[in-house]
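This one's a predicted model, so the numbers in the text were calculated from it and none came from an experiment. All heavy atoms count here, side chains included; hydrogens, waters and symmetry mates do not.
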Amino acid sequence: MEENTEELMIADTSDEEAEDIRQGKYMTFQVGQEVFGIELKYVNEIIQMQPVTPIPEVEHYIKGLINLRGKIIPVIDVADRFEKEAFAYTDRTCVIVIEVKGIEVGLIIENIAEVVSIEEEDILPPPTIGHGSMQDKFVHGIGKVGESVKLLLDPVKLLSDDALDFLDKQEMEEDE
């Protein structure tokens, strides 16, 4: 019995340590000329592009569904979502599988840039100039990394708006 308790304590500690390791780290990727980052705590895994089953009558940026080890996951083309120029899927195209509020979604991107650490004091609020583009409403901050900046995405906003409401649909199903 004591051994089991020790194993559980070790398992709990490693989860907390894993969360600490991810703190302040962002997975970055390029869409067009801009570099975006998503907090590592939302990233479950990165996989190669999979065959996608289209879904009829959905927004153009929702490319369909993939079967990831028996789990069906919707996938979104991030460039298309931000109304950027489309890119051809190649062997470098990958899917960042993120989890937000218990919902897994794949983000199709051209390729991964790097994982960077950004301290809280190096994150500025996004500027409020112009009418706001599609991507601006999904950006929660601007991360300063050396001489460059990364647009830090808010995955909750990315997955919940009028056209793409995975999170609200999930919450409604849970309430029923």
Original post:
In Å and rounded to the nearest 0.5 Å, what is the CD1 to NZ distance from Ile55 to Lys63?
Top reply: 11.5 Å
Subject >> Lys157 to Arg81 - nearest heavy-atom pair and separation >> reply: O-NH2, 4.4 Å
**OP:** Evaluate the criterion side chain to side chain contact (heavy atoms under 4.5 Å, CB included) for residue pair Leu158 and Ile76; output intermediate values, then yes/no.
**Re:** CA-CA 10 Å; Leu158 187 65; Ile76 300 167; 5.6 Å; no
Original post:
Yes or no on side chain to side chain contact (heavy atoms under 4.5 Å, CB included) for Val95 and Met49, after CA distance, side-chain angles and deciding distance?
Top reply: CA-CA 6 Å; Val95 178; Met49 188 62 187; 3.9 Å; yes
Original post:
Can you name the one residue among Ile38, Asp77, Leu153 that meets side chain to side chain contact (heavy atoms under 4.5 Å, CB included) with Leu107?
Top reply: Ile38
**OP:** Could you tell me whether Glu45 and Arg69 have a side-chain N and a carboxylate O separated by less than 4.0 Å?
**Re:** yes
Subject >> Student check: side-chain heavy atoms of Tyr26 and Ile123 closer than 4.5 Å >> reply: yes
Original post:
What distance do Leu40 atom CG and Lys25 atom NZ have between them, rounded to the nearest 0.5 Å?
Top reply: 8.0 Å
Original post:
Checking side chain to side chain contact (heavy atoms under 4.5 Å, CB included) against Leu152, which of Leu124, Val139, Ile142, Ile118 comes through?
Top reply: Ile118
Subject >> Centroid-centroid under 6.0 Å between Phe36 and Phe82 rings >> reply: yes
Original post:
With Glu119, which residues qualify under side-chain contact (heavy atoms from CB on, under 4.5 Å), at least two apart?
Top reply: Glu121, Asp122
Original post:
Once you round to the nearest 0.5 Å, how far does CG of Asp154 lie from NZ of Lys137?
Top reply: 12.5 Å
Subject >> Minimum heavy-atom distance Tyr42-Val100, with the two atoms named >> reply: CD2-CG2, 4.0 Å
Subject >> Sidechain-backbone polar pair: Thr53 side chain, Gly64 backbone, donor-acceptor under 3.5 Å >> reply: no
Original post:
For the atom pair CD1 (Ile112) and CE (Met27), what is the distance rounded to the nearest 0.5 Å?
Top reply: 5.0 Å
Original post:
So, do Leu68 and Glu104 sit near enough that their side-chain heavy atoms are less than 4.5 Å apart?
Top reply: no
Original post:
Do the side chains of Gln48 and Cys94 get nearer than 4.5 Å, heavy atoms only?
Top reply: no
**OP:** Calculate, to the nearest 0.5 Å, the distance between atoms OG1 and CG belonging to Thr28 and Leu151 respectively.
**Re:** 11.0 Å
Original post:
Linking I/L/V/M/F/W/Y whenever any side-chain heavy atoms sit under 4.5 Å apart, do Val115 and Val35 land together?
Top reply: no
Original post:
Below 4.5 Å, heavy atoms only, C-beta onward: do Gln50 and Asn67 meet side chain to side chain?
Top reply: no
Subject >> Where Ile96 and Phe29 come nearest, the two heavy atoms and their spacing >> reply: CD1-CD2, 3.8 Å
**OP:** Answer whether the closest heavy-atom distance between the side chains of Phe87 and Asn111 falls below 4.5 Å.
**Re:** no
**OP:** Would you give the length of the straight line joining atom CD of Glu99 to atom NZ of Lys41, rounded to the nearest 0.5 angstrom?
**Re:** 12.5 Å
